[in-house]
Every structure is written in structure tokens, then in C-alpha cells.
Amino acid sequence: RLEILTIHASKLTLDKFMDLQSTLKPIAQATPGLVGADLAALCNEAAINAARRYSDGGPPGVTAQDFDMALDIYLRTRRPGTANQILSTTRPFSLFGGTASNKF
């Protein structure tokens with residue numbers, strides 16, 4: 001997830017004092033199960049936060065605080081998908097249609 005976040009964040013105008021890797025690493029660790037589209041939405045939300053801050057007279061560029069706010073917003077508003085429901089279940093894999101013979 002860190003590599004995917006880095007790709008999406010590289011398209012943003014970042015704050016010149018922000019260390020991208022140290023900012024994105026905890027976010028990548030806090031987002032298990034998110035796919036590339038989810039991570040792109042997270043980066044877009046950070047950019048929206050930065051644009052709001054800039055329009056209110058703040059400094060330009062996406063900051064670590066923008067990413068933190070985006071993560072809070074995204075995790076509060078997203079609906080868990082099917083993959084998350086399957087991964088969080090306590091049922092045996094044999095109930096999921098022929099997966100009992102698969103090795104994980």
C-alpha cells in the first residue's frame with residue numbers, strides 16, 4: 001500500500017517541508033484491506049483539505065495534517081466492502097464455495 005500511496009501522492013503539490021515517506025508509512029499501515037482506488041480517494045481527500053486550507057489563507061501544498069484529516073474522514077464515511085466482511089468473519093473457509101482445498 002505504501003507504494004500505491006506514493007504513486008498517487010506524487011501527483012499532488014506537496015508542502016516543501018513534508019517528508020512523504022514518513023507521512024505515508026503510518027497511513028499505509030492503518031489502511032489494511034484498502035485497494036488502489038480507495039488509496040487514490042484518500043489522496044484526493046487530502047488535496048481537497050489542502051485546497052480548503054489554502055483558500056482560507058493557509059500555505060500552499062498538501063501537508064501531513066491534510067493526510068491525517070483525510071484518513072479520519074475516509075475511515076468514518078466508508079462502507080465496508082465484501083472483502084472486509086469475509087476477512088473479518090470467524091466462519092471457516094469451507095463455507096465460501098470450494099475454498100477449503102486452497103492453501104493460504
Side-chain angles (χ1 to χ4, degrees):
R1 283 181 311 276
L2 180 59
E3 291 85 8
I4 296 170
L5 275 170
T6 303
I7 290 169
H8 290 297
S10 68
K11 300 174 187 174
L12 304 175
T13 301
L14 303 174
D15 180 59
K16 60 183 175 181
F17 299 110
M18 185 179 80
D19 179 29
L20 186 62
Q21 293 301 315
S22 65
T23 300
L24 295 181
K25 188 173 182 179
I27 292 173
Q29 293 171 344
T31 54
L34 268 63
V35 297
D38 296 325
L39 298 172
L42 183 68
C43 289
N44 288 339
E45 188 66 38
I48 290 169
N49 290 335
R52 286 183 188 137
R53 184 178 34 75
Y54 181 68
S55 70
D56 291 338
V62 179
T63 65
Q65 183 180 6
D66 294 322
F67 276 104
D68 290 339
M69 289 173 39
L71 181 62
D72 289 342
I73 291 168
Y74 190 77
L75 292 178
R76 275 189 281 125
T77 59
R78 82 179 186 111
R79 294 182 302 146
T82 306
N84 291 335
Q85 292 171 359
I86 290 174
L87 291 174
S88 66
T89 186
T90 57
R91 298 180 192 138
F93 281 108
S94 60
L95 294 178
F96 294 106
T99 57
S101 62
N102 294 346
K103 294 184 180 183
F104 292 97

Requested in this report: Examine Leu14 and Ile48 and state if one hydrophobic cluster contains both, with Ile, Leu, Val, Met, Phe, Trp and Tyr joined whenever side-chain heavy atoms are less than 4.5 Å apart.
Outcome: no
Report task. Specify the closest pair of heavy atoms between Leu24 and Ala9, including all atoms of both residues, with the distance to one decimal. Result -> CD1-CB, 4.0 Å
Query raised in the report: Do Leu20 and Leu2 sit in the same hydrophobic cluster, where Ile, Leu, Val, Met, Phe, Trp and Tyr count as joined when their side-chain heavy atoms come under 4.5 Å apart?
Result: yes
Report task. Please list all pairs passing the side-chain hydrogen bond (donor to acceptor under 3.5 Å, both in side chains) test where one or both residues lie in residues 63-73, with sequence neighbours left out. Result -> Arg53-Asp66, Thr63-Asp66
**Report entry** Over all atoms of both residues, closest heavy-atom pair of Arg1 and Gly33
**Finding:** NH1-N, 4.3 Å
Query raised in the report: Passes side chain to side chain contact (heavy atoms under 4.5 Å, CB included), Ile73 versus Asn49? Steps please.
Result: CA-CA 10 Å; Ile73 291 168; Asn49 290 335; 4.2 Å; yes
Query raised in the report: Taking C-beta and beyond as the side chain, do Leu34 and Ile4 meet within less than 4.5 Å on heavy atoms?
Result: no
Requested in this report: Flag the pair Tyr54 / Thr13 as yes when at least one side-chain heavy-atom distance between them is below 4.5 Å, and no otherwise.
Outcome: no
Report task. Assess whether side chain to side chain contact (heavy atoms under 4.5 Å, CB included) is satisfied between Ile7 and Leu39, documenting all intermediate values. Result -> CA-CA 10 Å; Ile7 290 169; Leu39 298 172; over 6 Å; no
Requested in this report: Provide the closest heavy-atom pair for Gly61 versus Ala50 in the form atom of the first, atom of the second, distance.
Outcome: O-CB, 3.7 Å
Requested in this report: Measure the spacing between CG of Leu5 and OG of Ser10 and express it to the nearest 0.5 Å.
Outcome: 11.0 Å
Query raised in the report: Closest heavy-atom contact between Ala70 and Ala46?
Result: CB-N, 3.5 Å
**Report entry** Derivation of the side chain to side chain contact (heavy atoms under 4.5 Å, CB included) call for Tyr74 and Thr31
**Finding:** CA-CA 10 Å; Tyr74 190 77; Thr31 54; over 6 Å; no
**Report entry** Transitive ILVMFWY side-chain link Leu71 to Leu12, under 4.5 Å
**Finding:** yes
Query raised in the report: What pairs of residues pass the salt bridge (charged side-chain N to carboxylate O under 4.0 Å, His left out) test when at least one of them lies in residues 15-36, not counting sequence neighbours?
Result: none
Query - Asn44: partners by side-chain contact (heavy atoms from CB on, under 4.5 Å), with sequence neighbours left out - result: none
